[in-house]
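Predicted model, so just to flag it, every value in this text is computed and none were measured. A note on names: the letters A, B, ... follow the listed sequences, proteins ahead of strands, and every chain is numbered from 1.
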2 protein chains.
Amino acid sequence: MPFTYSIEATRNLATTERCIQDIRNAPVRNRSTQFQLAQQNMLAYTFGEVIPGFASAGINGMNYRDVIGRPVENAVTEGTHFFRDDFRVDSNAKAKVAGDIFEIVSSAVMWNCAARWNSLMVGEGWRSQPRYSRPTLSPSPRRQVAVLNLPRSFDWVSLLVPESQEVIEEFRAGLRKDGLGLPTSTPDLAVVVLPEEFQNDEMWREEIAGLTRPNQILLSGAYQRLQGRVQPGEISLAVAFKRSLRSDRLYQPLYEANVMQLLLEGKLGAPKVEFEVHTLAPEGTNAFVTYEAASLYGLAEGRSAVHRAIRELYVPPTAADLARRFFAFLNERMELVNG
Amino acid sequence: MPFTYSIEATRNLATTERCIQDIRNAPVRNRSTQFQLAQQNMLAYTFGEVIPGFASAGINGMNYRDVIGRPVENAVTEGTHFFRDDFRVDSNAKAKVAGDIFEIVSSAVMWNCAARWNSLMVGEGWRSQPRYSRPTLSPSPRRQVAVLNLPRSFDWVSLLVPESQEVIEEFRAGLRKDGLGLPTSTPDLAVVVLPEEFQNDEMWREEIAGLTRPNQILLSGAYQRLQGRVQPGEISLAVAFKRSLRSDRLYQPLYEANVMQLLLEGKLGAPKVEFEVHTLAPEGTNAFVTYEAASLYGLAEGRSAVHRAIRELYVPPTAADLARRFFAFLNERMELVNG
DNA sequence: GACTCGACCGGTGGACT
DNA sequence: AAGTCGACCGGTGGACT
């Protein structure tokens with residue numbers, strides 16, 4: 001499972017493990033797809049033994065856009081090898097898979113950061129390989145975090161403890177009388193304070209070695225363990241991943257951040273909701289301006305401490321930079337949690 | 001310029017007027033595009049003598065999705081005719097053009113509705129072909145409207161009279177001190193009260209016969225005439241056009257509606273801002289739920305008259321339905337304007 | 001005329017039913 | 001297991017510089 005394409009490794013794959021699935025004889029109804037980019041196999045192939053930022057210096061410091069592009073690159077190499085001129089995939093296929101890979105790999109980087117952070121918080125000291133500067137916040141098991149890559153169709157409200165969900169439900173019940181609602185969807189990822197009942201579990205301190213299928217399942221299913229167990233103030237960070245930007249594709253995070261702020265800050269008394277957007281191709285400066293928008297809820301209330309809805313549009317240069325930045329964030333934000 | 005593909009009509013086109021432009025020998029830098037879908041030529045070809053809703057009964061009552069799909073259909077027929085097996089366009093090319101065509105054609109339908117409405121408002125009576133039921137609002141030249149298809153990169157605030165723009169500018173100046181902003185972008189289309197200085201101009205009462213290139217320019221440039229001349233309460237309707245929906249593509253209109261409501265209702269004392277979304281393929285019911293969201297500004301203020309940010313997600317069955325619905329809207333909303 | 005900038009949406013791989 | 005449902009984004013034609 002090499003980061004760099006290997007004809008030997010490819011040859012040893014069972015056909016079901018290959019990155020390219022030939023479905024010309026088993027087409028999906030109402031589609032003309034001939035070859036599928038098997039996203040999970042691609043992740044296992046390219047990142048099966050590699051988590052960027054926690055791998056070799058060469059990968060940790062490599063241009064992150066190139067790192068994220070590698071699975072599709074490898075898959076296309078494989079497809080061309082087996083199918084030559086017959087091989088073709090729609091640009092929309094690459095687009096879908098590249099977007100999911102950016103999200104999943106970045107989540108894995110942050111998962112490993114959280115594991116390392118948590119290990120420090122329970123008093124195990126600061127792991128030294130690869131080297132990141134040691135956070136200065138005084139360790140406490142209560143300051144552990146969980147990194148949750150949230151699935152499609154998720155509703156972030158389901159993370160909250162029942163009492164908080166009830167407050168929101170009552171608020172919505174009032175709206176429904178007028179035919180109104182305030183539906184919530186989700187960021188791609190949430191960082192939450194690790195609930196007390198998990199603070200002795202080792203799994204939250206274990207760095208994964210790569211995105212094998214079992215590890216993919218571990219990370220993508222982690223959110224289920226925390227549903228109904230998070231206090232409003234414990235949603236420490238929300239992240240939206242967008243591999244590239246277009247002016248019309250900026251608004252789901254911007255809107256969802258506004259709703260989160262209205263509900264968490266306004267109705268549940270939580271501190272500032274930190275919501276950020278990660279991208280590898282901002283395509284101009286317009287997005288940075290769009291994301292300077294003040295949080296509408298705070299504005300309307302005429303509060304003194306108005307803030308942006310989106311705290312930052314971040315373009316990670318390398319996986320190591322992403323990790324360093326996340327450690328710095330935790331070092332600052334987790335001070336809010338009583339040690 | 002037939003609505004139905006005609007090999008004779010195609011044969012008579014100059015190459016620059018054709019719907020398919022062969023650019024294999026003049027490629028765009030950094031692109032692999034071989035054939036371009038000449039969007040404006042396509043509109044002139046298929047709709048050069050037809051505005052749906054103001055054409056024959058067959059077209060007015062035809063499934064609007066099929067009407068909107070016709071230009072691409074005709075262009076593909078042309079391309080196949082001239083280039084046979086060489087002809088290919090990316091699905092993203094069709095997607096872009098289909099989206100713009102939905103926007104431009106729907107704007108043209110509404111333009112003609114406005115022309116007919118205005119003609120009634122200045123006392124010329126109600127035109128009878130094709131037949132729509134006569135609005136009941138008492139006519140007044142002050143109740144005329146302008147339909148503005150707004151361009152890419154537009155800022156709806158530029159429509160407002162200088163005094164109102166200044167109010168917004170002052171508000172933003174306060175935000176900028178804290179590193180905040182509240183940038184505005186635009187709906188695809190705005191319906192505004194026709195300013196007094198234009199109420200005798202015939203052009204606002206003239207129905208166009210088709211989307212010839214000059215008429216395309218007339219409609220797409222109309223907004224320039226009204227910039228700086230609209231009172232906050234005179235933005236009667238904002239529309240976003242989305243040929244098809246995806247769950248992630250719902251939020252630009254939802255967010256922009258919220259911002260418009262904060263600024264126009266909250267800061268400038270305008271009545272309820274009516275913002276709607278038109279689509280031909282909602283793809284499930286989720287979008288209808290998303291658009292039940294209450295306007296965040298009203299919520300935060302704890303106002304009594306909270307309303308939805310998006311008034312409706314509308315799926316026009318035919319062009320005649322779109323026209324009828326717009327007449328009904330004008331009949332109701334323009335009552336707010338003193339006759 | 002070459003280049004940059006907006007905003008268009010449909011084809012996709014996987015989760016869930 | 002066949003069908004439905006989420007949310008991914010890159011290639012595009014035109015306006016502008």
Plane angle bin for B:Phe154 and B:Tyr223 - parallel if under 30°, tilted between 30 and 60°, otherwise perpendicular: perpendicular
Parallel, tilted or perpendicular: ring planes of B:Phe83 versus B:Phe35, cut at 30 and 60 degrees: tilted
In D:dG6, glycosidic geometry as syn within 90° of 0 or anti otherwise: syn
Glycosidic conformation of D:dG14, taking syn as within 90° of 0 and anti otherwise: anti
[N], OP1 or OP2 - any side-chain N/O from [X] closer than 4.0 Å?
X	N	answer
B:Thr33	D:dT12	yes
B:Arg29	C:dC3	yes
A:Gln39	C:dG14	no
A:Ser244	D:dG10	yes
A:Arg243	D:dG10	yes
B:Gln40	D:dA15	yes

Row check, A:Phe82 ring normal vs A:Arg18 NZ/CZ: under 6.0 Å, within 45°: yes
Earlier contact from the 5' end, DNA chain D, for A:Lys94 and B:Arg246: B:Arg246
Pairwise 5' ranking along DNA chain D for B:Ala38 and B:Asp248, keeping only the more 5' one: B:Asp248
NA contact type, [X], heavy-atom cut-off 4.0 Å: base, sugar-phosphate, or nothing?
X	result
B:Lys242	sugar-phosphate
B:Arg213	sugar-phosphate
B:Ser247	base

CZ/A:Arg172: more than 12 non-hydrogen atoms of other groups inside 6.0 Å: yes
Donor-acceptor pair (no angle test) under 3.5 Å: A:Arg249 side chain, D:dG10 base: yes
Donor/acceptor link under 3.5 angstrom from B:Arg31 side chain onto base of D:dG13: yes
Between C1' of C:dC8 and OH of A:Tyr251, the distance in whole Å: 14 Å
Audit row: B:Arg246, B:Asp248, salt bridge (Lys or Arg N to Asp or Glu O under 4.0 Å) steps and yes/no: CA-CA 5 Å; B:Arg246 293 289 183 275; B:Asp248 60 312; over 6 Å; no
Candidate nucleotides D:dC16, D:dG10, C:dG13, ranked by approach to the side chain of B:Tyr223 - the nearest: D:dC16
Closest listed nucleotide, where the reference is the side chain of B:Ala98 and the choices are D:dC8, C:dC8, C:dG10: C:dG10
Carboxylate-amine/guanidinium contact A:Arg31 A:Asp90, below 4.0 Å: no
Range-with-range stems for DNA chain C, at least three Watson-Crick or G-U pairs under 3.5 Å: C:7-12 with D:7-12, C:14-17 with D:2-5
Gap between atom CG of A:Asn215 and atom CD1 of A:Ile104 - 0.5 Å precision: 13.0 Å
